[in-house]
*Asks:* 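Questions regarding the structure given below will be posed in turn.
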Amino acid sequence: MTLRIVRYAAAALALAFAAAAAAQNAGDAARGTRVFQACAACHSLEPGRNMTGPSLAGVWGRKAGSLESFGRYSAALRKSGIVWNERALDAWIANPEKAVPGNLMSFAGLPDARARADLVAFLRAASEGKAPAPRSAALPDLKKAPAEATVTAMRHCGDSYFVTTGSGATLPFWEFNLRFKTDSSPNGPAPGKPVLVGQGMQGDRAQVVFSAPEEISSFIRKGC
């Protein structure tokens with residue numbers, strides 16, 4: 001009888017230690033909300049809003065590389081067969097390249113196991129509607145750009161672009177310092193009305209954002 005009691009006590013103690021360890025390792029979704037801020041530059045939690053990376057809305061239980069609205073997955077991720085659960089997300093966040101060699105996510109990984117657990121807990125809670133998903137910072141609405149940022153004409157001469165804006169100013173740029181982009185989202189420019197957006201440095205670099213790629217070559221004329 002004494003031996004049986006000792007065995008029961010040992011088993012109970014082992015279960016208590018296991019429960020304590022599980023509680024210690026369990027992630028905290030509230031803390032995970034703060035950890036997610038490091039992800040928010042590339043991922044949103046809004047359905048259908050893809051950024052550099054795919055939307056993470058409903059990511060829990062989703063097959064990797066399967067979000068139909070996102071077309072920039074690597075072949076490695078599409079073929080991985082991974083389903084995003086606690087173990088898979090933890091391994092991916094710890095070291096994406098190790099988890100799926102050859103993937104395209106430019107993220108070195110999060111070595112802090114507690115922070116990963118918190119982030120995974122938050123992603124699960126957000127997917128299941130148990131935690132409010134923070135809204136990503138909205139991009140500016142280029143359809144509302146002021147006249148001084150609206151491009152009315154562009155001329156290329158030698159190694160220079162001359163950009164005329166709606167305010168009547170013509171700004172010169174070295175061709176290497178002027179980038180062309182497209183934005184077909186609801187916040188993108190109206191068709192035929194590209195927008196000049198600054199790009200820092202000393203004011204000598206900028207980008208012209210078009211609504212569609214076919215506008216770029218048709219909008220620029222040659223002339224010195």
*Asks:* Please confirm whether the ring centroid of F219 lies under 6.0 Å from the ring centroid of F180.
*Replies:* no
*Asks:* If you compare all heavy atoms of P189 against all heavy atoms of P194, which two are closest, and at what distance to 0.1 Å?
*Replies:* CB-CA, 4.4 Å
*Asks:* Quick check against the 3.5 Å criterion: does T150 have a side-chain atom that pairs as donor or acceptor with the backbone of P146?
*Replies:* yes
*Asks:* Hydrophobic cluster mates of V197, side-chain heavy atoms under 4.5 angstrom, ILVMFWY only, any path?
*Replies:* L142, V195, V209
*Asks:* Rounded to the nearest 0.5 Å, how far does SG of C42 lie from CG of L56?
*Replies:* 10.0 Å
*Asks:* Which value, rounded to the nearest 0.5 Å, describes the distance between N177 atom CG and D159 atom CG?
*Replies:* 10.5 Å
*Asks:* Would you give me the side-chain donor-acceptor pairs under 3.5 Å for residues 90-100, sequence neighbours excluded?
*Replies:*
unit_1: D90; atom_1: OD1; unit_2: R116; atom_2: NE; d: 2.8
unit_1: N95; atom_1: OD1; unit_2: E97; atom_2: N; d: 3.3
unit_1: N95; atom_1: OD1; unit_2: K98; atom_2: N; d: 3.0
unit_1: E97; atom_1: OE1; unit_2: G102; atom_2: N; d: 3.4
unit_1: E97; atom_1: OE2; unit_2: G102; atom_2: N; d: 3.0

*Asks:* Considering residues at least two apart in sequence or located in another chain, which fulfil the side-chain hydrogen bond (donor to acceptor under 3.5 Å, both in side chains) criterion with T152?
*Replies:* none
*Asks:* Check F36 against H43 and note the closest heavy-atom contact, atom names and distance.
*Replies:* CZ-O, 3.8 Å
*Asks:* In the hydrophobic clustering (ILVMFWY, side-chain contacts below 4.5 Å, transitive), which residues join F176, or is it alone?
*Replies:* W174
*Asks:* Between V83 and F70, is there a shared hydrophobic cluster once you connect ILVMFWY residues whose side-chain heavy atoms come closer than 4.5 Å?
*Replies:* no
*Asks:* Who clusters with F162? Use side-chain heavy atoms, under 4.5 angstrom, across I, L, V, M, F, W and Y, and order the result by chain and number.
*Replies:* none
*Asks:* How many angstroms lie between atom CE of M51 and atom CD of E46, to the nearest 0.5 angstrom?
*Replies:* 8.5 Å
*Asks:* With rounding to the nearest 0.5 angstrom, report the CG to CG distance, L119 to D28.
*Replies:* 12.0 Å
*Asks:* Using side-chain hydrogen bond (donor to acceptor under 3.5 Å, both in side chains) as the criterion, list what pairs up with T164, not counting sequence neighbours.
*Replies:* T170
*Asks:* What are the two closest non-hydrogen atoms of D204 and F173, and how far apart are they?
*Replies:* O-CD2, 3.6 Å
*Asks:* Please list every donor-acceptor pair under 3.5 Å in which a side-chain atom of residues 57-65 meets a protein atom from a residue at least two apart or in another chain.
*Replies:*
unit_1: R62; atom_1: NH1; unit_2: A57; atom_2: O; d: 2.9
unit_1: R62; atom_1: NH2; unit_2: S55; atom_2: O; d: 2.9

*Asks:* Test L178 against M154 for side chain to side chain contact (heavy atoms under 4.5 Å, CB included), laying out the working first.
*Replies:* CA-CA 11 Å; L178 190 65; M154 289 183 63; 3.8 Å; yes
*Asks:* Once disulfide bond (SG atoms under 2.5 Å apart) is applied, do any residues pair with C157, and if so which ones, sequence neighbours excluded?
*Replies:* C224
*Asks:* Return the set of residues passing side-chain hydrogen bond (donor to acceptor under 3.5 Å, both in side chains) with N103 (not counting sequence neighbours), or none when no residue passes.
*Replies:* none
*Asks:* Which is it for D112 and V35 under the side chain to side chain contact (heavy atoms under 4.5 Å, CB included) test, yes or no, and what are the steps along the way?
*Replies:* CA-CA 11 Å; D112 187 326; V35 181; over 6 Å; no
*Asks:* Test your reading of the model: is there a side-chain donor-acceptor pair from Q207 to the backbone of R179, 3.5 Å cut-off?
*Replies:* no
*Asks:* Could you pull out the closest heavy-atom pair between S211 and P191, with the gap in Å?
*Replies:* OG-CA, 3.3 Å
*Asks:* Can you list the residues that meet the salt bridge (Lys or Arg N to Asp or Glu O under 4.0 Å) rule with R31, with sequence neighbours excluded?
*Replies:* D118
*Asks:* What pairs with E128 under side-chain hydrogen bond (donor to acceptor under 3.5 Å, both in side chains), at least two apart in sequence or on another chain?
*Replies:* R124, K130
*Asks:* Return each pair, listed once, that meets side-chain hydrogen bond (donor to acceptor under 3.5 Å, both in side chains) where at least one residue sits in residues 67-85; pairs must be two or more places apart or across chains.
*Replies:* N50-S69
*Asks:* Determine the minimum heavy-atom distance between H156 and I220, stating which atoms define it.
*Replies:* CB-CG2, 4.1 Å
